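Structure first, then comments.
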There are 2 protein chains.
Amino acid sequence: MANWNGAVASREEVREQKRRAALRVASRIFNEKGYHATSLDEVADDIGVTKTALYYYFKNKEQLLYECMKLTYNCGQTARLETEAMDGSAFEKLQFLYGRFMELLMEERGVYTTMANIRALPEEAQQELIERRRQLDRYSRMLIEKAIEEGAIRSVDTRITSNFFLGAVNWILRWHTEDDAMTPKEVSAHFLDLFMNGIVKRD
Amino acid sequence: MANWNGAVASREEVREQKRRAALRVASRIFNEKGYHATSLDEVADDIGVTKTALYYYFKNKEQLLYECMKLTYNCGQTARLETEAMDGSAFEKLQFLYGRFMELLMEERGVYTTMANIRALPEEAQQELIERRRQLDRYSRMLIEKAIEEGAIRSVDTRITSNFFLGAVNWILRWHTEDDAMTPKEVSAHFLDLFMNGIVKRD
DNA sequence: ACATCTTTTTACTCATGCGTCAATACTTCT
DNA sequence: AGAAGTATTGACGCATGAGTAAAAAGATGT
């Protein structure tokens with residue numbers, strides 16, 4: 001079916017859209033119930049096709065999980081790349097990195113279970129995903145160190161600090177829902193404030 | 001076999017010890033691989049018995065998980081009860097509650113997967129465990145509110161703040177290992193410092 | 001030594017769910 | 001309309017792993 005400018009929703013495009021839709025559904029159910037507890041029949045039912053149709057798009061269940069995870073890790077990568085491209089102090093970058101990461105996560109949904117089920121993947125795929133995660137972690141720690149040198153933040157332990165905040169962030173998807181009273185931006189801002197300033201009152 | 005004071009390691013006692021040992025092993029593997037990805041044969045192998053032996057101690061796999069989770073939730077409950085029994089300001093109590101909770105978690109290990117796999121349990125058991133978790137959450141929020149009234153901490157959003165820190169805490173078991181460079185007490189102290197004071201440097 | 005009770009095993013059943021194959025519907029192009 | 005792809009289905013094979021039953025092994029007390 002051609003549209004006004006003569007462009008066509010080609011087979012390739014339609015196929016890609018369906019893949020994406022399938023990934024969204026699978027991701028949601030994996031997150032809700034866990035990878036091993038989810039059957040492909042369930043995923044297929046929810047999409048409105050039969051299990052066999054899924055095999056036309058994905059080699060097997062593992063690959064479905066793998067691609068779900070990749071989408072997820074893209075959030076972190078996107079946030080990192082955007083941050084790397086920006087000007088400003090390490091302190092500003094640190095805030096931007098985490099803020100953007102949180103927003104993307106809440107908008108896209110998905111990290112949690114993917115992290116938990118990484119062991120379900122073959123060794124090679126695990127290593128690739130772990131390496132991706134490390135990149136974000138390294139970058140975040142580097143920013144913390146630089147911000148300390150800048151004199152903007154206290155001389156905290158980077159490992160502990162990074163894990164502290166990453167934990168809080170990853171947990172967000174456990175309690176923040178799509179129809180939450182707070183928007184992703186609000187949550188993100190509040191978290192940054194807590195992370196930067198703590199809860200103790202000062203004069 | 002009687003010991004010096006005539007006391008006996010009675011059948012009941014031995015049985016209880018074996019149950020405990022089984023729970024520890026199961027808990028560890030559930031945490032490593034996830035409930036659904038773990039077979040009872042695996043658990044049994046690791047203990048050094050056959051699967052069938054487990055059925056002598058536990059009704060079924062679900063019950064095994066349920067009891068693992070109960071041990072876990074005891075950490076939170078213990079921390080809460082100890083805090084309730086203590087004197088001091090809400091601010092002090094808040095610090096003690098979280099500090100104790102973190103230490104218990106690192107010493108006992110186990111929350112993470114249990115939280116993730118709660119859906120594997122029958123509705124009734126889920127409700128019981130969720131209720132337990134709520135108690136801790138309510139208590140923690142109450143302390144935050146009181147500490148605000150006391151003027152010890154800023155007037156933060158209790159829901160966000162509670163989730164913020166709970167996330168960081170629950171995540172600990174993801175990166176802190178039994179042979180970690182930092183002791184549970186050290187991690188706990190560092191986390192409290194970050195939570196209270198944030199990372200920003202002040203004069 | 002023998003009888004009784006507890007614990008563990010061996011050998012099974014049965015359901016679930018991944019993945020395949022061949023047949024069928026649906027598109028698109030000529 | 002009909003041919004050549006493309007997409008989807010229904011019906012199956014097969015492995016894994018939960019749970020059971022009955023027999024064997026191990027304790028304990030007489």
Side-chain angles (χ1 to χ4, degrees), chain A residues 1-3 6-23 25-27 29-30 32-68 113 117 119-122 125, chain B residues 1-3 6-23 25-27 29-30 32-68 113 117 119-122 125:
Chain A
M1 198 193 291
N3 61 20
V8 165
S10 74
R11 281 248 158 91
E12 290 272 306
E13 281 164 0
V14 173
R15 191 186 162 85
E16 199 47 39
Q17 277 170 17
K18 287 192 185 173
R19 265 181 78 93
R20 276 300 179 106
L23 282 172
V25 170
S27 201
I29 307 186
F30 286 163
E32 277 170 20
K33 311 188 41 170
Y35 173 72
H36 291 284
T38 305
S39 75
L40 287 184
D41 283 304
E42 237 174 313
V43 176
D45 270 11
D46 215 53
I47 298 172
V49 291
T50 33
K51 178 181 60 174
T52 325
L54 287 178
Y55 280 89
Y56 186 65
Y57 294 90
F58 304 95
K59 193 169 151 272
N60 51 30
K61 196 184 174 188
E62 260 178 15
Q63 208 212 332
L64 187 59
L65 175 63
Y66 174 68
E67 300 213 16
C68 285
T113 309
N117 290 132
R119 282 159 173 275
L121 293 175
Chain B
M1 197 196 291
N3 61 20
V8 166
S10 73
R11 283 246 158 91
E12 291 272 308
E13 280 163 0
V14 173
R15 188 185 164 85
E16 199 48 38
Q17 277 170 15
K18 288 192 184 174
R19 266 183 76 94
R20 276 301 179 106
L23 282 172
V25 170
S27 201
I29 306 185
F30 287 162
E32 276 169 21
K33 313 191 34 170
Y35 174 72
H36 291 284
T38 306
S39 74
L40 287 183
D41 283 304
E42 238 174 313
V43 176
D45 269 11
D46 216 54
I47 298 172
V49 292
T50 33
K51 179 178 62 173
T52 327
L54 287 179
Y55 281 89
Y56 186 67
Y57 294 92
F58 305 94
K59 193 167 150 272
N60 51 29
K61 197 183 174 188
E62 261 178 15
Q63 209 214 332
L64 186 59
L65 175 63
Y66 175 69
E67 300 212 16
C68 285
T113 310
N117 291 131
R119 282 160 172 275
L121 293 175

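Note that the coordinates shown come from a computational prediction; the quantities given were computed from them, not determined experimentally. So you know, we letter chains A, B, ... as the sequences are listed, proteins then strands, and number each from 1. The analysis underlying the following values was restricted to heavy atoms, covering all of them including side chains, and did not include hydrogens, waters or symmetry mates.
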Can you check the A:Leu64 CG to C:dG19 P distance for me, whole Å? 10 Å

A:Asp45 vs A:Thr50 side-chain heavy atoms within contact, under 4.5 Å: no

B:Tyr55 OH to C:dT6 P, straight-line distance once rounded to whole Å: 22 Å

Gap between atoms OH and P, on A:Tyr35 and C:dT16 respectively (whole Å): 20 Å

Atom-pair distance (NE2 on A:His36; P on D:dG17), nearest Å: 10 Å

Atom CG of B:Leu23 and atom CZ of B:Phe30: how far apart are they, to the nearest 0.5 Å? 9.5 Å

Is it the case that atom CZ in A:Arg15 sees more than 12 heavy atoms from other parts of the structure closer than 6.0 Å? yes

Nearest non-hydrogen partners of A:Val43 and A:Val25, listed with the distance: O-CG1, 4.0 Å

With a 4.0 Å cutoff (strictly under), does any side-chain N or O of A:Arg15 reach OP1 or OP2 of D:dA7? yes

Between C:dT10, C:dT7, C:dG19, which nucleotide has the shortest distance from any of its atoms to the side chain of B:Thr50? C:dT10

Nearest 0.5 angstrom please: B:Leu54 CG to B:Lys61 NZ, how far? 11.5 Å

Length of the line joining B:Asn60:CG and D:dG19:C1', which is rounded to integer Å: 9 Å

Test side chain to side chain donor-acceptor pair (under 3.5 Å) on A:Glu13 and A:Gln17 and set out the steps. CA-CA 6 Å; A:Glu13 281 164 0; A:Gln17 277 170 17; 5.9 Å; no

Please tabulate, one pair per line, each protein N/O and nucleotide N/O from nucleotides 22-27 of chain C that are separated by under 3.5 Å, including the distance.
none

Tell me the interatomic distance from B:Glu42, atom CD, to D:dA18, atom P, rounded to whole angstroms. 9 Å

Tabulate protein N/O versus nucleotide N/O from nucleotides 12-15 of chain D, keeping only pairs under 3.5 Å, one per line.
none

Output the rounded distance in Å from CD (B:Glu12) to C1' (D:dT28). 15 Å

Just to be sure I understand the rule, does B:Tyr57 reach a base, reach only the sugar-phosphate, or reach nothing, if contact means heavy atoms closer than 4.0 Å? sugar-phosphate

Among C:dT7, D:dA7, D:dT9, which nucleotide sits nearest the side chain of A:Val49? D:dT9

So which nucleotide from C:dT7, C:dC18, D:dA18 ends up closest to the side chain of B:Lys18? C:dT7

What integer distance in Å separates A:Phe58:CZ from C:dC18:C1'? 16 Å

Give the minimum heavy-atom separation between B:Asn117 and B:Leu65, together with the two atoms involved. O-CD2, 3.8 Å

B:Cys68 versus B:Ala26, closest heavy-atom pair with distance: SG-CB, 4.1 Å

Stacked cation flag B:Arg119 on B:Tyr35, 6.0 angstrom / 45 deg: no

With a cut-off of less than 4.0 Å, is there a side-chain N or O of A:Tyr56 near OP1 or OP2 of D:dT8? no

